[in-house]
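So the structure is just underneath, and the comments pick up after that.
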Amino acid sequence: MEPAGVAAAFQPSEHQHIRYNPLRDDWVLVSAHRMKRPWQGQVEKPSEENIPRHDLTNPLCPGALRAGGEINPDYEGTFLFENDFPALQPDAPDPGPSEHPLLQAKSARGVCQVMCFHPWSDVTLPLMSSPEVRAVIDKLTEIMKDLGATYPWVQIFENKGAMMGCSNPHPHCQIWASNFLPNEAQIEDRTQRAYLREHGIPMLVEYGRLEEERKERLVLANEHWLVLVPYWAVWPFQTLLLPRRHVTRLQDLTNEERDSLVSIMKRLLCKYDNMFEISFPYSMGWHGAPTGCHLSEDCSHWQLHAHYFPPLLRSATVRKFMVGYEMLGQAQRDLTAEQAAERLRNIPEEHYKLRDQGPSSVK
């Protein structure tokens, strides 16, 4: 114990502090000492492992009937279709002028699509072959280019696991394209633009180089990509996927960068699954420079990146909740980004299902 009147030396793993997130222009409270408290809160059900490979009652399976009355083709690779219950539609009427500054409304038009990664329901990206994952990336790139020709924002995202609101275990993602920039896109556009103007280098280009040099939050690296736990991470094992080269949009990746992306994604997702030996839940999505009417603008302040937000904290059944102080004050986390990165680095990259049962049990 320190003598009376003598302040203890600051240790980020022991003492609470706040960290700045320059990408969102906000702060997160880090309280690593809270990991010592016993957990008496909610315990989640473990994720389902015994999923049928093909089930005609599952609306995402080949040959299945969807809620809108369409029958899926007997697809063998990726499968793209219009969401049967879209949040955005292309022909919604304009709400007209707002009657009061406190009661504003603007038009919201767009399209919502679903893309299945694979015809089997019992595989996920880390268990798919590299050519199969490359086909997913190529198709997403094609979609981004096609929808981005018209819409200012195209959001690719994957919700994996019931814990993150995914209602169907079949491997898939969603694509929402809109005639407006969503809140997160507006924030990242503003902060990255301001950083380039002040420092003369894109924020995430400089940040990637800084983290690669320091290494304490670096999880994975290859010739073209970095995976790190951001200094300002909110979710327990949140990661940021960054290209080494300055590239603004997914469709600007080279063939070699796409191959490297396949490799590093599979390595990261195997680590996630191996952490608690379950199909690890997360929400993830790609952010890049706006498209549509912004394609002719200078968007060099942007750097392409993907966010992974996994909720699990202590075990396969104990998750992080964003409630109370997080909703009314600011985000808070219970372990440091450095602790999370070290744990992820030390996790094997061979998937536990392949290690324990052999490849024949999956493919």
Side-chain angles (χ1 to χ4, degrees), residues 23-24 60 66 68 70 78-98 104-117 135-160 164-166 172-194 196 202-204 240-243 246-254 257-258 261 283-309:
L23 193 57
R24 297 199 74 260
L60 297 186
R66 300 204 311 274
E70 297 286 331
T78 61
F79 170 49
L80 178 71
F81 63 93
E82 300 297 318
N83 195 313
D84 294 316
F85 301 99
L88 292 163
Q89 296 177 323
D91 53 359
D94 194 310
S98 301
Q104 296 191 47
K106 295 183 179 180
S107 70
R109 301 187 184 96
V111 295
C112 296
Q113 299 178 336
V114 178
M115 191 184 87
C116 297
F117 298 153
V136 169
I137 292 169
D138 287 344
K139 186 63 177 178
L140 288 175
T141 302
E142 176 188 320
I143 295 167
M144 177 68 76
K145 185 175 181 180
D146 290 347
L147 292 178
T150 302
Y151 291 101
W153 190 256
V154 182
Q155 183 61 64
I156 297 168
F157 64 97
E158 179 193 3
N159 293 328
K160 180 169 177 267
M164 296 307 286
C166 181
H172 70 285
C173 70
Q174 297 188 54
I175 306 98
W176 292 16
S178 61
N179 69 336
F180 58 90
L181 292 187
N183 294 342
E184 294 299 314
Q186 289 188 49
I187 293 170
E188 290 195 3
D189 186 68
R190 172 177 59 82
T191 58
Q192 290 180 97
R193 188 185 300 275
L196 177 62
M203 176 196 296
L204 293 181
L240 184 65
L241 175 58
L242 288 171
H246 181 207
V247 53
T248 59
R249 299 181 177 95
L250 193 65
Q251 54 266 43
D252 296 332
L253 294 176
T254 65
E257 287 168 333
R258 293 190 198 187
L261 177 58
S283 283
M284 71 80 60
W286 286 95
H287 282 173
T291 50
C293 60
H294 302 282
L295 287 170
S296 59
E297 299 175 358
D298 179 6
C299 291
S300 58
H301 54 290
W302 272 89
Q303 171 73 323
L304 176 70
H305 58 282
H307 296 284
Y308 282 87
F309 302 128

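Note that the structure is a prediction, hence the values are computed from the model and not measured.
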Throw together a table of side-chain donor-acceptor distances under 3.5 angstrom for residues 142-153, partners on residues two or more places apart or in other chains.
{"from": "Glu142", "atom 1": "OE2", "to": "Lys139", "atom 2": "NZ", "distance (Å)": "3.2"}
{"from": "Trp153", "atom 1": "NE1", "to": "Gln155", "atom 2": "OE1", "distance (Å)": "3.1"}

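Remark: of the listed residues His172, Arg66, Glu82, His172 is the sole one forming a side chain to side chain contact (heavy atoms under 4.5 Å, CB included) with Val114. The only member of His305, Arg24, Gln303 that meets side chain to side chain donor-acceptor pair (under 3.5 Å) when paired with Glu188 is His305.
Dense packing is recorded around CG of Asp94, with more than 12 heavy atoms of other residues, nucleotides or ligands lying under 6.0 Å away.
Taking CG from Leu181 and NE2 from His294, the interatomic distance works out to 4.5 Å, rounded to the nearest 0.5 Å. The OG1 atom of Thr141 sits 8.5 Å away from the CH2 atom of Trp286 when rounded to the nearest 0.5 Å. With values rounded to the nearest 0.5 angstrom, Trp176 atom CH2 is found 14.0 Å from Ile156 atom CD1.
The minimum heavy-atom distance linking Ala289 with Cys299 is given by the pair CB-CB, 3.7 Å. Residues Phe117 and Thr78 come closest through the heavy atom pair O-CG2, 3.9 Å. Residues Cys173 and Leu140 come closest through the heavy atom pair SG-CD2, 3.8 Å. Nearest heavy-atom pair across Cys293 and Ser296 is O-OG, 3.7 Å.
Counting only distance, with no hydrogens or angles, the side chain of His246 and the backbone of Ser300 share a donor-acceptor pair below 3.5 Å. In this structure, Gln192 contributes its side chain and Trp302 its backbone to no donor-acceptor pair below 3.5 Å. Panel note: side chain Arg109, backbone Ala92; a donor-acceptor pair is recorded below 3.5 Å. In this structure, the side chain of Ser98 engages the main chain of Ala105 through a donor-acceptor pair within 3.5 Å.
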Taking it one step at a time, do Leu295 and Arg249 satisfy side chain to side chain contact (heavy atoms under 4.5 Å, CB included)?
CA-CA 10 Å; Leu295 287 170; Arg249 299 181 177 95; 3.8 Å; yes
Step by step, would you call Cys116 with Phe81 a side chain to side chain contact (heavy atoms under 4.5 Å, CB included)?
CA-CA 9 Å; Cys116 297; Phe81 63 93; 4.3 Å; yes
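Legend: residues meeting side chain to side chain contact (heavy atoms under 4.5 Å, CB included) with Leu253, ordered by chain and number and at least two apart, are Trp225, Val247, Leu250, Glu257, Arg258, Leu261, Leu304.
Phe79 is not listed as a side-chain neighbour of Leu60, based on a closest heavy-atom distance of 4.5 Å or more. Between His307 and Leu23 there is a side-chain heavy-atom pair separated by less than 4.5 Å.
Residue pairs meeting the salt bridge (Lys or Arg N to Asp or Glu O under 4.0 Å) criterion with at least one partner in residues 288-308, sequence neighbours excluded, do not occur; the list is empty.
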